[in-house]
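What you see is a predicted model; the values in this text were computed from it and never measured.
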Amino acid sequence: MYGNDNWINSYLDAILDAGKGAGSGSGGGGGGGAGGDRPSLLLRERGHFSPARYFVEEVITGYDETDLYKTWSRANAMRSPQERNTRLENMTWRIWNLARKKKEVEDAKRLKRRLETEKPRTDATAEMSEDLFEGEKGEDAGDASVAYGDSSAGNTPRISAVDKLYIVLISLHGLVRGENLELGRDSDTSGQVKYVVELAKALSSCPGVYRVDLLTRQILAPNYDRGYGEPSETLVPTSFKNLKQERGENSGAYITRIPFGPKDKYLAKEHLWPYVQEFVDGALSHIVHMSKIIGEEIGCGHPMWPAVIHGHYASAGVAAALISGALNVHMVFTGHFLGKDKLEGLLKQGRQTREEINMTYKIMRRIEAEELSLDASEIVIASTRQEIEEQWNLYDGFEVMLARKLRARVKRGANCYGRYMPRMVIIPPGVEFGHMIHEFDMEGEEDSHSPASEDPPIWSEIMRFFTNPRKPLILAVARPYPEKNITTLVKAFGECRPLRELANLTLIMGNREAISKMSNMSAAVLTSVLTLIDEYDLYGQVAYPKHHKHSEVLDIYRLAARTKGAFVNVAYFEQFGVTLIEAAMHGLPVIATKNGAPVEIHQVLDNGLLVDPHDQHAIADALYKLLSDKQLWSRCRENGLKNIHRFSWPEHCKNYLSRILTLSPRCPAFPGNEDQIKAPIKERKCIIVIAVDSASKKDLVCIIKNSIEATRKETLSGSTGFVLSTSLTMSEIHSLLISAGMAPTDFDAFICNSGSDLFYPSRAGDSPSTSRVTFALDRTYQSHIEYRWGGEGLRKYLVKWASSIVERRGRTEKQVIFEDAEHSSTCCFAFRVVNPNYLPPLKELQKLMRIQSLRCHALYNHSATRLSVIPIHASRSQALRYLSVRWGIELRNVVILVGESGDSDYEELFGGLHKTIVLKGEFNTPANRIHTVRRYPLQDVIALDCSNIIGVEGCSADDLTPTLKTLGIPTK
């Protein structure tokens, strides 16, 4: 059989069009096969195709058929074309069959995962017996705001200058400053940095907003501008003409840089995780201080606490959840680019395993942080409907239909059985209109009345690349990352001769010094681009400047508009695409990817064409059509300019603030009732927190006594105080101390029930020998943590769940988890575990609770013989933060004693500004595998090399004394 290249290509088309059938006439000659008349992209690329390269690099990889490569090699070695083609045909069919089987297995796994998730959600919906009113069904069907729980739509409260809101924004990664942003310097200094800076400026210009703080990381690393190390930077507010007269008194917007992590290193976002709690403690101190100052400035007589804590991206989401919980204020979250969506995209590419992806991107830590943000948020801001329905819907903690059911029940005042879903609101990012297009941009020629002005320097920097600089300019602004699909754009331009003759191409791919100094991924993309320019001989037709200032990007848009060019964004998927809005603002029609937010932007602006980013011919055809049809170009330009106000910052801020003002009030009260609660803790210079979970009660008593003995001198003087932090109840602690001959008043506070209860001991009476010890419950702390607490609805579900956990022996089943009312409290549901070996892993229980929309923390403690379920804002580490805020304790002067292992919340006791002493020795009981809720390595949570963490062999007073001295704690 001759003509073998055509034959094999036709069968490759059948493989690439997976699922369309195998093709008839397997033994046909030239062009027969199953590909139809739609040629494969791979076959079209550069006008030829290499079957050997395709099989080795694309097909064989990932299939469990080790002899395929040998078969291919033997086929190539055959001298007889007939025998060679027979082998090729056989191998092609085997690969097609493998691809089909692999797809069937993947579909089965996907179906199983979906069913596992849907069943608990079906159960949750079934428990809510009332359904939507018939009228609501038709009324709400097409309303995204109603479907996702945004009840403020259509009922916008007026924002008044007397509201005096204090708003805190958090964005931890990248290089953040007010002017001359270094966008594109690295992958973290990108659109999010621009967004949060402009949002802070815009909000501070609004009536009713007194102060906006943008909290980020302080960077003192060499080779970075000194400005990134300044603790504070004032932002110049955006001027909105229609709001100037209403603005009223305003303190402004500020970037506040909090030091955390290594002082002399710039860290990528993937490496910030172990230091997030350190940021939280520093940020908490700043917010408390600033709230008091604002309260004094406006004369309200009390601290002016933030209206919201708004986290941007997963790491800032964790920080915002912890800060909002400690202060009892509302949390708002914006994900920007979600981890689950990124993970699925990377897995589909097939270049890395799940483990390799997690190692590179810390993706599982990121996903868990996004789940926690869903748990703690009052509002989640999305850019588009697609982000909610296709991205957030992937998470355990959110489901569109259940969110709609819950919203309808809340609206009617019906029982939600302890369930809660954050409100999803769609607020597209804004753009600054301070540099709107000039008259010549509108009419195509310079306004004769305008004074002569020189062209911006960046214009000549771009024009020097072109042989004919008068041709329309196709502009792409994107970082050199594979997902931005720049190489496909260059191929589309290079292979379409009419397009090359019509226009020039400009690629703004960030700033670079040398390709050799770029990251491997960026260097690979840029090298591919330059190789394609050389291969297609595009010299004189493509510009790719090495440097540009952030302020010059607007001039580049103007240049493209002046030449009657077009803006192009053909990313495989675009989360939002602020560049599309900026292009429209400058009168530049667009060609955009049909995957993601550009679809919804196009529905509003109607200023261009959408294309399949995988189809380079479609990209070339769209560009040629837009640039060659002058009427189409003018219509797209006019539509964009006419509708662009929908994406302005004033519009964004109006929607943003209206949502905040409709939030139910929360009381971040830290009352000055010190005379009602006797709290010597406020007088202490140092606090030692004993939180050893891995020791027996006998060993715990020994550790307590040794700790007090090690600091006896300072304890007697009153400068050092003690706090016991444990999963025990107050009653159990009291019994333990009395049986050991210790006085409860040796402690300043007791953090009980894994952080769900906080007590202060005191003596009732004058004489220590006759007085009775009482324990005062901190009801303010309880009011903080019970926000969104599921209460009785949660308890009933947990009892039902516990009855399903059984030990099976033959045909007999024995329940292993029972409700433990004796050790439960208002904010802690306790369950007794008979046989820990039959417990499900804690991460599975946490996932189930989220699917059920029950927001809580589940913990195994007492060596997994007890399960405690507490509010989402409760934990031992959060209780310590509350103590620091209420009583003015410096967390740097706090030392926590822990064992080598502990309860499920053990890892949370390490991070932060406090010091941690790890007591090592035989008294430690090994941790049970079911304890942890982590789906990621320990080093993604704890900075194991941190100087604030010290290990000690033994737990005697002599063992503790030198370590405490090293940490600056006065000893005996």
Checking Glu495 against Gln616 for the side-chain contact (heavy atoms from CB on, under 4.5 Å) test, could you report, in this order, the C-alpha distance in whole Å, the side-chain angles of both residues, the deciding distance, and whether it holds?
CA-CA 9 Å; Glu495 292 187 10; Gln616 67 189 53; 2.9 Å; yes
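- Remark: Lys491 fails to qualify as a cation-pi partner of Tyr536 under the 6.0 Å distance and 45° angle criteria applied to the six-membered ring.
- Side-chain atoms of Arg366 do not come within 3.5 Å of backbone N or O of Ala314 as any donor-acceptor pair.
- Ring centroid separation for the pair Tyr210 and Tyr166 does not come in under the 6.0 Å cut-off.
- Under the 4.0 Å criterion applied to side-chain N and carboxylate O atoms, Glu574 and Lys484 are assigned as salt-bridge partners.
- By the 4.0 Å N-to-carboxylate-O rule, Glu182 lies close enough to Arg185 to be salt-bridged with it.
- A salt bridge does not link Asp555 to Arg562: none of the charged nitrogens lies less than 4.0 Å from a carboxylate oxygen.
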Lys194 and His550: CA distance, side-chain angles, deciding distance, side-chain contact (heavy atoms from CB on, under 4.5 Å) verdict:
CA-CA 10 Å; Lys194 183 175 187 290; His550 171 58; 3.4 Å; yes
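- Between His310 and Phe333, the ring center distance fails the sub-6.0 Å criterion.
- Between Glu389 and Arg385 there is a salt bridge, with a side-chain nitrogen of the basic residue lying less than 4.0 Å from a carboxylate oxygen of the acidic one.
- Taking the six-membered ring for Trp and the full ring otherwise, Phe576 and His336 have centroids separated by 6.0 Å or more.
- The ring pair (Phe, Tyr, Trp, His ring centres under 6.0 Å) contacts involving residues 465-487 comprise Phe465-Tyr544, where partners must be two or more places apart or lie in separate chains.
- In this structure, His652 and Trp649 have perpendicular ring planes: the angle between them is above 60°, well past the 30° mark.
- Two residues are said to be in side-chain contact when any heavy atoms from C-beta on lie closer than 4.5 Å; Asp612 and Lys594 meet this criterion.
- In summary, Arg257 and Glu233 engage in a salt bridge, as defined by a charged side-chain N under 4.0 Å from a carboxylate O.
- A heavy-atom distance below 4.5 Å is not found between the side chains of Ile619 and Phe493.
- The CZ atom of Arg211 sits 14.0 Å away from the CG atom of Leu203 when rounded to the nearest 0.5 Å.
- With hydrogens and angles disregarded, a donor-acceptor distance shorter than 3.5 Å links the side chain of Lys201 to the backbone of Gly178.
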